[in-house]
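Notes follow the structure.
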Amino acid sequence: MGKSIRDIAKKKRGRPKSTGLGTGILVRMHDQLRALDAWRNRQDDKPSRPEAIRRLVEIGLQSSRK
């Protein structure tokens, strides 16, 4: 005889909890998007938009420390 419907584990819905260990920040970029994409395309490894934003923030923070 097969398993009862109650014995079958249900799949959890939604995004897994283990992704995105940092704090998520929503930023709307309208005018800066073309400049961001142009900067990304000039990079050797072609980073994703989120990675490009992280790198540019780090560059800005390093320059402000000098």
Side-chain angles (χ1 to χ4, degrees):
M1 192 170 209
K3 288 186 175 183
S4 171
I5 293 177
R6 289 186 210 146
D7 295 336
I8 298 172
K10 291 184 179 180
K11 293 183 181 181
K12 293 187 177 185
R13 299 179 84 180
R15 187 174 187 170
K17 291 182 181 181
S18 64
T19 61
L21 298 177
T23 302
I25 299 173
L26 176 65
V27 179
R28 296 191 189 274
M29 302 181 75
H30 302 282
D31 300 332
Q32 303 91 352
L33 204 51
R34 284 188 184 155
L36 176 66
D37 287 340
W39 185 88
R40 289 174 49 218
N41 289 327
R42 290 193 301 269
Q43 305 308 301
D44 292 333
D45 59 346
K46 306 282 190 248
S48 64
R49 281 182 177 165
E51 178 61 23
I53 293 169
R54 283 190 286 270
R55 289 182 191 181
L56 288 169
V57 167
E58 188 61 35
I59 290 168
L61 291 172
Q62 286 176 357
S63 69
S64 69
R65 292 179 192 145
K66 293 179 181 179

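For Arg55, the side-chain contact (heavy atoms from CB on, under 4.5 Å) partners are Trp39, Asp45, Pro47, Glu51, not counting sequence neighbours. Residues meeting the salt bridge (charged side-chain N to carboxylate O under 4.0 Å, His left out) test with Asp31, sequence neighbours left out: none. Remark: Leu33 engages Leu36, Asp37, Arg49 in a side-chain contact (heavy atoms from CB on, under 4.5 Å) (not counting sequence neighbours).
The neighbour count for Arg28 CZ, taken as heavy atoms of other residues, nucleotides or ligands under 6.0 Å away, does not exceed 12.
The heavy-atom pair separating Ala52 from Arg40 by the smallest distance is CB-CG, 3.4 Å.
One hydrophobic cluster holds both Ile25 and Ile53 under the rule that ILVMFWY side chains link at heavy-atom gaps under 4.5 Å.
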